[in-house]
Amino acid sequence: EAETGALADFIIPKDSIADRIRHAYTCGMHAAVTWAKSLGLSSIPLHDVVIGDKTTGKRPIHKEWDRRTYLDSELPETGNIGIRTGTSLPGEGFLLVVDVDGAEGHANWNQTIEDEGDLPNTLHIVSGSGTGYHLYFRLPEGRSYPSSGLGDGVDSRGAGGFVVAPPSRHYSGITYQWDAGDHPDE
């Protein structure tokens with residue numbers, strides 16, 4: 001049985017793989033996918049967004065996305081991009097992303113931080129909704145973190161999941177972006 005741990009144990013330091021992930025996802029889809037592959041991460045092509053249509057932009061193009069590795073030649077020129085979670089990170093551990101949405105999610109996440117103590121700074125993506133964010137963590141082997149039960153508006157993505165990544169667009173028309181201070185050029 002996997003051991004559960006505090007999020008402070010799972011931080012991805014800014015001077016590690018996080019810098020390379022940030023660089024990859026500011027270079028456009030093809031460059032991002034190539035870079036991610038060099039890090040052992042798996043990118044997946046997502047459908048493009050139809051502004052105002054909530055059903056677009058977050059769906060993988062292929063039904064078998066979770067069983068495929070994509071070649072650059074298989075990727076469309078337009079559309080969104082996702083990062084497969086639960087994948088091995090260089091060194092040790094797996095990618096875990098905590099997804100916080102809306103005012104209720106912010107309140108519940110702040111309660112989690114209060115309960116667990118301050119968390120060191122980790123990779124932080126502002127979601128395309130403009131009201132949410134993704135926090136990237138390294139989940140050590142043999143450890144687990146709940147995917148639900150974190151309160152309304154807070155969940156995590158690990159094995160078998162994915163998150164939408166910059167520079168993808170949300171159905172609102174807003175792009176997913178690196179938080180201030182997390183962009184590789186800052």
Side-chain angles (χ1 to χ4, degrees), residues 1-27 29 31-46 58 60 64-70 80-101 105 108-127 132-151 153-166 168 176-179 181-184 186:
E1 183 172 309
E3 180 182 343
T4 301
L7 280 173
D9 297 336
F10 306 153
I11 297 302
I12 298 176
K14 290 222 177 227
D15 61 351
S16 71
I17 189 171
D19 290 324
R20 293 185 282 170
I21 295 171
R22 280 193 300 276
H23 173 74
Y25 287 91
T26 59
C27 300
M29 184 173 353
V33 169
T34 301
W35 192 268
K37 283 181 188 176
S38 76
L39 299 174
L41 296 175
S42 181
S43 299
I44 57 171
L46 306 175
K58 292 186 176 186
E64 68 283 0
W65 68 268
D66 56 339
R67 297 180 301 280
R68 290 186 63 160
T69 300
Y70 291 93
N80 282 350
I81 190 166
I83 299 175
R84 190 184 316 250
T85 57
T87 55
S88 295
L89 294 172
E92 174 185 320
F94 300 90
L95 179 62
L96 171 80
V97 177
V98 174
D99 182 7
V100 179
D101 291 310
N108 287 327
W109 181 247
N110 288 336
Q111 184 63 52
T112 298
I113 292 172
E114 188 175 311
D115 293 347
E116 295 193 16
D118 284 339
L119 297 175
N121 201 9
T122 193
L123 186 61
H124 187 160
I125 305 295
V126 178
S127 74
Y133 50 90
H134 298 164
L135 299 165
Y136 285 55
F137 295 95
R138 177 187 304 272
L139 184 63
E141 290 191 43
R143 305 287 294 269
S144 66
Y145 199 76
S147 60
S148 61
L150 302 171
V154 182
D155 57 354
S156 68
R157 302 280 190 268
F162 70 90
V163 291
V164 179
S168 297
Y176 287 73
Q177 301 176 28
W178 303 106
D179 191 32
D182 277 345
H183 193 284
E186 295 179 353

The reported gap from OH in Tyr133 to OG in Ser127 (rounded to nearest 0.5 angstrom) is 10.5 Å
Which value, rounded to the nearest 0.5 Å, describes the distance between Arg138 atom CZ and Leu96 atom CG?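 One gets 12.0 Å once the value is rounded to the nearest 0.5 Å.
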List the atom of Trp65, the atom of Gly160, and the distance in Å for their closest heavy-atom pair. CH2-O, 3.5 Å
Looking only at non-hydrogen atoms, find the nearest pair between Val97 and Thr85 and report the distance.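 In this case the closest contact between Val97 and Thr85 is CG2-CG2, 3.8 Å.
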Quick one: do Val164 and Leu46 satisfy side-chain contact (heavy atoms from CB on, under 4.5 Å)? Show the steps, please. CA-CA 8 Å; Val164 179; Leu46 306 175; 3.8 Å; yes
Judged by atom type as modelled, is there a donor-acceptor pair below 3.5 Å linking the side chain of Ser168 to the main-chain atoms of Tyr176? no
Please tell me if the side chains of [X] and [Y] come closer than 4.5 Å, counting only heavy atoms from C-beta onward.
X	Y	result
Asp99	Val163	no
Val98	Val154	yes
Arg68	Ile44	no

Report the C-alpha separation of Asp66 and Arg84 in whole Å, then their side-chain angles, then the decisive distance to 0.1 Å, and conclude whether the side-chain contact (heavy atoms from CB on, under 4.5 Å) test is met. CA-CA 8 Å; Asp66 56 339; Arg84 190 184 316 250; 4.2 Å; yes
Scan side-chain atoms only and decide if Asn110 and Glu114 contain a donor-acceptor pair under the 3.5 Å cut-off. no
